[in-house]
S.K.: 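Have a look at this one before I ask anything.
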Amino acid sequence: MLAGSPSDAPPTTLVLTLPDGSTREVPFGTLPREVVATIGARLLQASIAVAVDGEVQDLMTPLRKSGAFVVLTDKDPRALAVMRHSAAHILATAVRRLRPDAHIGFGPAIEDGFYYDFEVAHPFTPDDLDAFEAEMRKVIAEKYPFVREEVSLSEARKRFVDDPLKLERLDDFEGSDEVISTYTDGPFIDLCRGPHVQDSSYLKHFKLLSAAGAYWRGDEKRQMLQRIYATAYFKKEDLDARLLQLEEAKKRDHRVLGKQLDLFQLFPVSPGGVFWTPKGTIVYNTLEAFVRERQQEMFREIKTPLLYTKKLWEQSGHWGKYRENMFLVLDNETGEHDMSLKPMNCPSHHLYYASQRHSYRELPIRYVTFDVLHRNELSGALSGLTRVRQFAQDDCHVYLREDQIADEVQLLMNFILSYYDTFGLTARLKFATRPAERIGSDELWDRAEAALRAALESTGRPYELKEGDGAFYGPKIDFDVTDSIGRAWQLGTIQLDYNAPERFDLQYTGEDNAAHRPVVIHRAVSGSFERFIAILIEHFAGAFPVWLSPEQVRVLPIAPDYNEHAEAFVRRLKAAGIRAHLDARNETLNYRVREGEMQKVPYMCVIGRREAEENTVALRVRGTGKKQEILSADAFFDRVVNEVRTRALTPMADASSDVSEVTA
RNA sequence: GCUGACGUAGCUCAGCUGGCAGAGCAGCUGAUUUGUAAUCAGCAGGUCGUGGGUUCGAAUCCCACCGUCAGCUCCA
């Protein structure tokens, strides 16, 4: 251990180990730039930052510890964040030049780019963004070096006397021995830890994307700043690829495809409510039937009321924390709004469980419910199908003994992951612990977190820890799936709950003939059907696998002479439960094929003279163009029936199929 | 809820600084009888989100409200 040794006096000499195994001894406080310069001038030019003992720092920050010394060029993924952070400063430099009154907030690099927050009297317009972008190019051309200075708190306060947001940030340093540093590029100075690129010319390929409000320090009670989102890459191809990706993502946006494929509608008179069209309803019902089928053996489905008095919500704990999110309903007799549409199924299940006596032999008991739920989300939070006010979950509550937790978590996890697998979706696991606002004693939380974590770890699957992200009644495992635009959506969840059993006085009779408390596990697989369908639409770009497609087969007779033959084939498919339709309209074959493709019908069977005589079909598979195959009607029939039965992922959703051709 | 942008025919969108509301597709009618992504012609279709205001005159300018979108906050 060379660095961070507990001795008070810093080492006077540092030992750097280069990737080739050689070592350099340099005085404490040497600048990395000096070390890199001794390795090579071209390397110095190409270097974005360095990593010392795995920690990224820039070339202007004095070396304070020994260890492995790696120069990061633009080939290292860690360099990208450094460059983007510098890009944020360059953005601020440009904004300050054009809007000297702008106060600066924070400007970090984020996953796909960077942003910077400004406090301004007049919010930015799209024209402003263009102007800022042009100004940034000037700043880049100036080739301003990023100059790092380490200053005292009082000196820092002097430098940012005109920036109230920075002064507030500086208050955090009071009494701390953290190094305070500033970075200056040309006319712009910022309070910043770094690291940064050497000078502003290292930013080359960037694009300002949008401006939107954002609360100072993420606190809705504080003032709203103007945030500019942008992205930057080392290579032009990467930037172009990213911009193209954003364009493509727009085309497979479930709101766009939902309209083109006529799956659902939203009406202004029901904000956050979804109208499922006939086609969308088929998708919805097919999914629900799928979950039902899977849950047939070990689960018991029940239906429960949607409306309850506040007594239930007081008992469950929702009335206190969650009331503003519930739709309250007027009780005519009391004149009070003391009833509510249920925002979740848990209390209904607990109520039912508690209504009967249960033996330890019965456990685990699993109740599932697909009832409609209402949550009064903020109007600004609503979005397509992914954020609605009325939805349904494939909701399950398991009542079990504490010693059954590990097995049950394993079972539920396998259930959820294999469900996603049916759609070709992969999930990332998150383990979320107690939030700040919660019910139940710390002791209960200790037990719940320990039990769930042990169960999770026994599965051997990798997971990410999210401190403080648990439900207000218990820790949880979340299953996140990433959509085509790169947004991660939480779908499934497994939540361990020691609180509800207390609040609802849930019991079972043990082997010892005494009353015991069961544990409750909350489980959802799809999250909500609404959101899940949104993700499926984007995941498949609207080209659902056969079993999920609203229309599975479209039969196209070439001319009226073959209508009868085609119709008989449609009848045969329908009798087998296949969603088949005849398109014998008075239009050219080209026209009808085009429409079938745009509607993303998986299979189109063309029937003309040859096919009618030989009892075959000329099969056109969605997205494969003219590569038609001729096969016997029987063979096609068997193929489709089989694919539906096995829920095969065929015909493969072709992500490259040209969705841009789709017009209404 | 907050900040900003947007709201014109079923859909996608034109409509510059105020001066008679447009196109393509879809729809309807007719012709055409079709071999793998748009056959041709004609017709019909709008309280320009809603309500106020300014003006001789408002889709266009102003105000309020509703909705949608990008974010923030929150979240399944």
Side-chain angles (χ1 to χ4, degrees), chain A residues 115 117 120 122-126 128 209-229 253 255-256 259-260 262 265-272 322 324-325 343-344 373 375-389 391-395 469 471 478-479 489-493 495 522 524-532 534 556-563 584-599 604-611 618-628 657-658 661-664:
Chain A
Y115 68 76
D117 285 343
V120 284
H122 302 289
F124 303 130
T125 65
D128 288 332
L209 297 172
S210 62
Y215 297 110
W216 168 232
R217 298 202 137 176
D219 184 346
E220 60 180 326
K221 290 179 187 68
R222 302 297 304 269
Q223 71 267 46
M224 185 156 267
L225 310 181
Q226 293 302 312
R227 175 172 298 175
I228 296 177
Y229 281 97
D253 185 313
R255 291 163 303 194
V256 175
K259 207 172 264 181
Q260 286 169 354
D262 191 25
Q265 284 189 56
L266 304 172
F267 291 96
V269 288
S270 179
Y322 208 78
E324 68 264 27
N325 278 314
M344 57 251 304
L373 305 175
R375 296 185 188 177
N376 197 356
E377 302 292 348
L378 293 175
S379 58
L382 301 178
S383 177
L385 293 180
T386 53
R387 202 65 189 285
V388 292
R389 285 184 174 147
F391 59 98
Q393 296 182 307
D394 42 11
D395 210 357
D469 213 32
D478 283 336
F479 295 74
W489 293 104
Q490 190 207 310
L491 299 181
T493 186
Q495 310 179 349
H522 306 246
V525 184
S526 302
S528 78
F529 284 108
E530 284 74 6
R531 171 176 295 185
F532 192 68
L556 312 179
I558 282 177
D561 286 353
Y562 319 111
N563 283 2
R585 287 176 302 169
N586 178 20
E587 299 286 354
T588 61
L589 183 64
N590 273 325
Y591 181 92
R592 286 176 290 156
V593 164
R594 176 164 193 268
E595 233 176 45
E597 284 287 350
M598 290 195 307
Q599 285 300 307
M604 275 185 277
C605 295
V606 175
I607 293 183
R609 187 179 54 81
R610 278 200 305 279
E611 290 75 19
L619 179 65
R620 181 179 171 118
V621 178
R622 173 184 60 205
T624 58
K626 286 192 174 160
K627 280 177 284 176
Q628 57 162 339
S657 77
D658 191 4
E661 259 197 62
V662 177
T663 51

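Residue numbers begin at 1 in each chain, while the letters A, B, ... track the order of the sequences. Just so you know, these numbers use all the heavy atoms, side chains as well, and skip hydrogens, waters and symmetry mates.
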S.K.: Look at R255(A) together with D253(A) and state whether they make a salt bridge at an N to O cut-off of under 4.0 Å.
M.R.: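 Here R255(A) pairs with D253(A) in a salt bridge, since their nearest N and O are under 4.0 Å apart.
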
S.K.: Measuring only the C1' atom in each nucleotide, how far is rG18(B) from rC25(B)? A whole number of Å is fine.
M.R.: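 After rounding to an integer number of Å, I get 31 Å for this pair.
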
S.K.: Using atom P of each nucleotide, how far apart are rG22(B) and rG15(B) to the nearest Å?
M.R.: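 It comes out at 15 Å once rounded to the nearest Å.
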
S.K.: Whole Å only: how far is the CZ atom of F479(A) from the C1' atom of rC75(B)?
M.R.: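 F479(A) atom CZ is separated from rC75(B) atom C1' by 18 Å.
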
S.K.: Using the salt bridge (Lys or Arg N to Asp or Glu O under 4.0 Å) criterion, which residues pair with D469(A)? Sequence neighbours excluded.
M.R.: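 K466(A).
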
S.K.: Could a donor-acceptor pair under 3.5 angstrom be found where the side chain of R622(A) meets the base of rA37(B)?
M.R.: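 Flag unset: no donor-acceptor pair detected.
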
S.K.: Please give the distance between the C1' atoms of rC13(B) and rG4(B) as a whole number of Å.
M.R.: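 One C1' to the other, the span is 23 Å.
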
S.K.: Polar-atom pairs under 3.5 Å, protein N or O versus N or O of nucleotides 45-48 of chain B: list them with distances, or write none.
M.R.:
none

S.K.: Considering every strand and a 4.0 Å limit on heavy-atom distances, what is the contact class for Y591(A): base, sugar-phosphate, or nothing?
M.R.: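 The residue Y591(A) makes sugar-phosphate contact but no base contact.
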
S.K.: Ignoring hydrogens and angles, are the base of rA37(B) and the side chain of Q599(A) linked by a donor-acceptor pair under 3.5 Å?
M.R.: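 Flag unset: no donor-acceptor pair detected.
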
S.K.: Taking donor-acceptor contacts at under 3.5 Å, does the side chain of Y215(A) reach the base of rG71(B)?
M.R.: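 In this structure, the two groups form no donor-acceptor pair.
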
S.K.: I'd like to check the ring pair (Phe, Tyr, Trp, His ring centres under 6.0 Å) partners of Y562(A); sequence neighbours left out, ordered by chain and number.
M.R.: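 Per chain and number, Y562(A) pairs via ring pair (Phe, Tyr, Trp, His ring centres under 6.0 Å) with no residue.
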
S.K.: Not counting sequence neighbours, which residues clear side-chain contact (heavy atoms from CB on, under 4.5 Å) with D395(A)? List them please.
M.R.: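 N345(A), Q393(A), H397(A).
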
S.K.: Select from R610(A) and G527(A) the residue whose nearest nucleotide in RNA chain B is closer to the 5' end of that strand.
M.R.: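 Result of the comparison: R610(A).
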
S.K.: Using only heavy-atom distances, decide whether a donor-acceptor pair under 3.5 angstrom links the side-chain of R387(A) to the base of rC74(B).
M.R.: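 Answer is yes: a donor-acceptor pair is held.
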
S.K.: What does Q628(A) touch in the nucleic acid at a heavy-atom separation under 4.0 angstrom: a base, only the sugar-phosphate, or nothing?
M.R.: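 Q628(A): base contact, heavy atoms under 4.0 Å.
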
S.K.: So, using side-chain contact (heavy atoms from CB on, under 4.5 Å) as the criterion, who are the partners of Q628(A) when residues are at least two apart?
M.R.: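 Expected list: A618(A), I630(A).
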
S.K.: Listed by chain and number, what are the side-chain contact (heavy atoms from CB on, under 4.5 Å) partners of L382(A), not counting sequence neighbours?
M.R.: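 Once residues adjacent in sequence are excluded, the partners of L382(A) under the side-chain contact (heavy atoms from CB on, under 4.5 Å) criterion are P271(A), E377(A), R389(A).
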
S.K.: The side chain of T588(A) lies closest to which of these nucleotides: rC75(B), rU34(B), rG35(B)?
M.R.: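 Of the options given, the side chain of T588(A) lies nearest rU34(B).
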
S.K.: State the pairing partner of rC11(B); accept Watson-Crick or G-U wobble contacts with both distances under 3.5 Å, and report none otherwise.
M.R.: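 Its partner is rG24(B).
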
S.K.: Take atom C1' in rC11(B) and the same atom in rG46(B), then report the distance between them in whole Å.
M.R.: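 To the nearest whole Å, 14 Å.
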
S.K.: Kindly write out the residues that satisfy salt bridge (Lys or Arg N to Asp or Glu O under 4.0 Å) with R620(A), not counting sequence neighbours, or none if the list is empty.
M.R.: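 For R620(A) the salt bridge (Lys or Arg N to Asp or Glu O under 4.0 Å) partners, ignoring immediate neighbours, are E597(A).
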
S.K.: With sequence neighbours left out, what residues match S210(A) under side-chain contact (heavy atoms from CB on, under 4.5 Å)?
M.R.: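 Listed in chain order: Y229(A).
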
S.K.: Taking only the C1' atom of each, what is the distance from rC6(B) to rG49(B) in whole angstrom?
M.R.: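 To the nearest whole Å, 11 Å.
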
S.K.: Measure all distances between protein nitrogen or oxygen atoms and nitrogen or oxygen atoms of nucleotides 3-6 of chain B, and list the pairs falling under 3.5 Å.
M.R.:
unit_1, atom_1, unit_2, atom_2, d
rU3(B), O2', Q226(A), NE2, 2.8
rU3(B), O2, G213(A), N, 3.3

S.K.: Could you give the distance separating rA26(B) and rC62(B) at their C1' atoms, to the nearest angstrom?
M.R.: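 The same atom, C1', in both gives a distance of 37 Å.
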
S.K.: Closest approach to the side chain of R227(A), judged atom by atom: which nucleotide of rG35(B), rA76(B), rC72(B) is it?
M.R.: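 In terms of side-chain proximity for R227(A), the closest of rG35(B), rA76(B), rC72(B) is rC72(B).
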
